[in-house]
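Throughout, a chain's letter reflects where its sequence line sits, starting with A, and its residues are numbered from 1.
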2 protein chains.
Amino acid sequence: MPATPSPNQNHLLAALPTAEFELLAPHLELVALPLGEMLYEPDRQLQHAYFPTTAIISLLHVMESGASAESAGVGNEGVVGVSLFMGGETTTSSAVVQTAGHAYRLDRRWLMQEFNRAELLQRLLLRYTQALMTQMSQTAACNRHHSVEQQLCRWLLLTQDRVAQRELVITQELIAGMLGVRREGVTEAAGNLQRAGCISYRRGHISVLDRAGLETRSCECYALVKKELTRLLSDAPCRHKATTAAR
Amino acid sequence: MPATPSPNQNHLLAALPTAEFELLAPHLELVALPLGEMLYEPDRQLQHAYFPTTAIISLLHVMESGASAESAGVGNEGVVGVSLFMGGETTTSSAVVQTAGHAYRLDRRWLMQEFNRAELLQRLLLRYTQALMTQMSQTAACNRHHSVEQQLCRWLLLTQDRVAQRELVITQELIAGMLGVRREGVTEAAGNLQRAGCISYRRGHISVLDRAGLETRSCECYALVKKELTRLLSDAPCRHKATTAAR
DNA sequence: GTGCGTATGTGCGCTGCCGCACATACAAGC
DNA sequence: GCTTGTATGTGCGGCAGCGCACATACGCAC
């Protein structure tokens, strides 16, 4: 973990060619995102796009019944607020900070303007958006067909990729909210994984011990989403090495 | 149903201002899409974008187990092949003709070129893509929390909006494939809906008798997706009235 | 009309997840 | 240390949907 926050910790920002980055840099504002903060909710006008460095954000759907489910997560590989440049400005989902950390944000108007002017920035953001769509649509199919344990594995792998740390700081209760299942279901699945030596956990902390084991027990969705993200962003121009991290 | 096929039957094409449409028109090619035809599949390079008029296309995910689920459907409100202008060129899903009919298609290269040149075309396509993302992410949450009957209602309503006909020509088996559930589950749900007077059906045909009834029995997802589609496309410039049809 | 392919109806037992009601045990603050 | 809030463990009945095995019945092709 770099002690000094840097925009290059975000893969999209790091992938921008120097010329474009220089234009953008003065407008980047570092913000701390505490756990549970809501970056946007349905129908509320989003004021900034957020490029996470150490924070992780969940795109959550809350149903009328109060039940919730995550359609995608965003970490240092992406950006929160694609609806700004997609033109809709609002979305039907909420964006909630799932792991506290930092992000750089850009003002809405500036981003919208620059998106239309800077061709490479536009291309990069659109390619990332397609990766996000992959994640969403795969989650739809995954929710239909795969078990809680498989989905927990997928979720742990995706999340760990974003923090680059063995230990995740999160409660099973919160994970249940993301997956849209009961907290008890997560407890049981996590128990199995711990007994199998894949993870170990204590009150609010989960450590990944055996990634290969998790990948075996995960459904195919993890590898698929990961592969697509890599494909879509790896051949982008790149100032720093941040984008190369595949899995 | 107009006897003469016209690009204006597709809401996106109809929404283009005359100047932009004139540029595009010579490149539009009318094609017949038979039931079951696969417009693209994972990793296969897409050669055309399809603007359906009477056809309906399902964006399907096929899992390793062979099970499938639709993450979104595309009818005359949209376009198949957003990955072309999003920059990825391929996707991880398949696109399968769910209801036979017609579509206008545009060559891949021409569309990619024009997307970068024509600002209004770009804006329209991106807004539609955001509506598609709404459909995908809502489907993810819906698959998690709602019953087969609720989802069948949602599916019937969305599909009927696309054909503008009382009667849909489709088997329960195919619907089951879209929803990612058992055929018997669809049979049972359809039986309930018929007994309630919402629909009537016979071998391969389903007629919607009571839209309001279906909306009541549907989950909130139908209204939400529909509303977002309307919002994103209604304030677009519009040569014809096609885009105004909100439900 | 007759026949046949295929769409639909129905009944099993089974499983995974739910909803609830607790028991337990951790960790931070006094 | 002890208390207290909260995270986790566990057991129950219930139910929706699954997988299977059929029975039935529709409608097209001949």
Side-chain angles (χ1 to χ4, degrees), chain A residues 35-36 63 65-69 98-100 140-156 167-196 199-207 217-219, chain B residues 35-36 63 65-69 98-100 140-156 167-196 199-207 217-219:
Chain A
L35 177 65
M63 319 303 284
S65 66
S68 68
Q98 171 205 114
T99 298
C142 188
N143 281 352
R144 174 60 82 206
H145 294 294
H146 297 145
S147 69
V148 171
E149 183 174 316
Q150 288 178 305
Q151 295 186 49
L152 176 59
C153 291
R154 161 175 68 79
W155 192 92
L156 288 172
E167 187 175 271
L168 311 177
V169 179
I170 191 160
T171 65
Q172 298 182 4
E173 178 100 45
L174 279 178
I175 295 177
M178 311 288 169
L179 296 183
V181 300
R182 279 189 322 161
R183 192 269 310 162
E184 294 92 323
V186 174
T187 298
E188 196 187 335
N192 293 340
L193 294 178
Q194 180 158 40
R195 248 164 278 132
I199 63 174
S200 80
Y201 62 90
R202 60 194 177 89
R203 246 184 123 77
H205 302 253
I206 304 187
S207 289
R217 284 157 183 271
S218 167
C219 46
Chain B
L35 176 66
M63 319 303 285
S65 66
S68 68
Q98 169 205 116
T99 298
C142 188
N143 281 353
R144 175 59 83 205
H145 294 296
H146 298 143
S147 69
V148 170
E149 183 174 316
Q150 288 178 304
Q151 295 186 48
L152 177 59
C153 291
R154 161 175 69 79
W155 193 91
L156 287 172
E167 188 176 88
L168 311 177
V169 179
I170 192 160
T171 64
Q172 298 182 5
E173 178 101 44
L174 278 177
I175 295 177
M178 311 288 168
L179 296 183
V181 300
R182 279 191 322 161
R183 192 267 310 161
E184 294 92 323
V186 174
T187 299
E188 194 187 337
N192 293 341
L193 295 178
Q194 179 158 25
R195 250 165 276 132
I199 63 175
S200 80
Y201 61 89
R202 61 194 176 87
R203 249 183 120 76
H205 302 253
I206 304 186
S207 289
R217 285 157 182 271
S218 167
C219 46

Choose from [options] the nucleotide whose nearest atom is closest to any side-chain atom of [X].
X      : options               : value
A:R182 : C:dG5, D:dG9, C:dC20  : C:dC20
A:Q172 : C:dA27, D:dG17, D:dG9 : D:dG9
B:V181 : C:dT8, D:dT8, D:dC18  : D:dC18
B:V148 : D:dG17, D:dT8, C:dA27 : D:dG17
B:T187 : D:dG9, C:dT8, D:dG5   : C:dT8

_Let me spell it out: for each of B:T171 and A:H205, pick the nucleotide of DNA chain C with the closest heavy atom. Which residue's pick is nearer the 5' end?_
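The residue closer to the strand's 5' end, by nearest nucleotide, is B:T171.
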Side chain A:R183 and base C:dG19 donor-acceptor under 3.5 Å: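 There is none.
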Looking at every strand, decide which applies to B:G185 at a 4.0 Å heavy-atom threshold: base, sugar-phosphate, or nothing.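 Result for B:G185 = nothing.
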>> Base, sugar-phosphate or nothing for A:E184? Non-hydrogen atoms, less than 4.0 Å.
In response: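 The residue A:E184 makes base contact.
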What is the distance from [atom1] of [X] to [atom2] of [N], rounded to the nearest Å?
X      : N      : atom1 : atom2 : result
A:R195 : D:dG9  : CZ    : C1'   : 10 Å
B:H145 : C:dG19 : NE2   : C1'   : 14 Å
B:N192 : D:dG17 : CG    : C1'   : 14 Å
B:L179 : D:dC18 : CG    : P     : 10 Å
B:N143 : D:dA16 : CG    : P     : 18 Å
A:R144 : C:dG16 : CZ    : P     : 17 Å
B:E149 : D:dA16 : CD    : P     : 11 Å
A:E188 : C:dG16 : CD    : C1'   : 9 Å

message = Taking the side chain as everything from C-beta on, heavy atoms only, tell me whether B:L174 gets closer than 4.5 Å to B:L35.
response =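 Answer yes - side chains close enough.
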- Task: Report yes if the side chains of B:R144 and A:V181 come closer than 4.5 Å at any heavy-atom pair, otherwise no.
- Result: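 A side-chain contact exists here, since the closest heavy-atom pair is under 4.5 Å.
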query = Can you check whether B:R203 has a side-chain N or O nearer than 4.0 Å to OP1 or OP2 of C:dG5?
reply =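 No, because none of the side-chain N or O atoms of B:R203 sits under 4.0 Å from OP1 or OP2 of C:dG5.
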| request: Report yes if at least one side-chain N or O of A:Y201 is closer than 4.0 Å to OP1 or OP2 of D:dG9; otherwise report no. | output: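 For D:dG9, OP1/OP2 do have a side-chain N/O of A:Y201 under 4.0 Å.
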- What's the shortest heavy-atom distance between A:N192 and A:E149, and which atoms?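 For A:N192 versus A:E149, the nearest heavy atoms are ND2-OE1, 3.3 Å.
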**Report entry** Given DNA chain D, 5'-ward residue of the pair B:H146 and B:R202, judged by closest heavy atom
**Finding:**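 Closer to the 5' end of DNA chain D: B:H146.
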Closest-nucleotide 5' rank along DNA chain D - winner of B:G180 and A:A190
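Final value for this comparison: A:A190.
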Take B:T99 and B:L168, measure what side-chain contact (heavy atoms from CB on, under 4.5 Å) needs, and give me the verdict at the end.
CA-CA 9 Å; B:T99 298; B:L168 311 177; over 6 Å; no
inquiry  = I need the full list of salt bridge (Lys or Arg N to Asp or Glu O under 4.0 Å) pairs touching residues 171-181 of chain A, with sequence neighbours left out, sorted by first then second residue.
reply    =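 Counting only pairs at least two positions apart or across chains, no salt bridge (Lys or Arg N to Asp or Glu O under 4.0 Å) contact touches residues 171-181 of chain A.
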Next on the checklist: Using modelled atom types and a 3.5 Å cut-off, is there a donor and acceptor pairing between side-chain atoms of A:R183 and backbone atoms of A:Q172?
Outcome noted: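 Pair absent, no side-chain N/O of A:R183 close to backbone of A:Q172.
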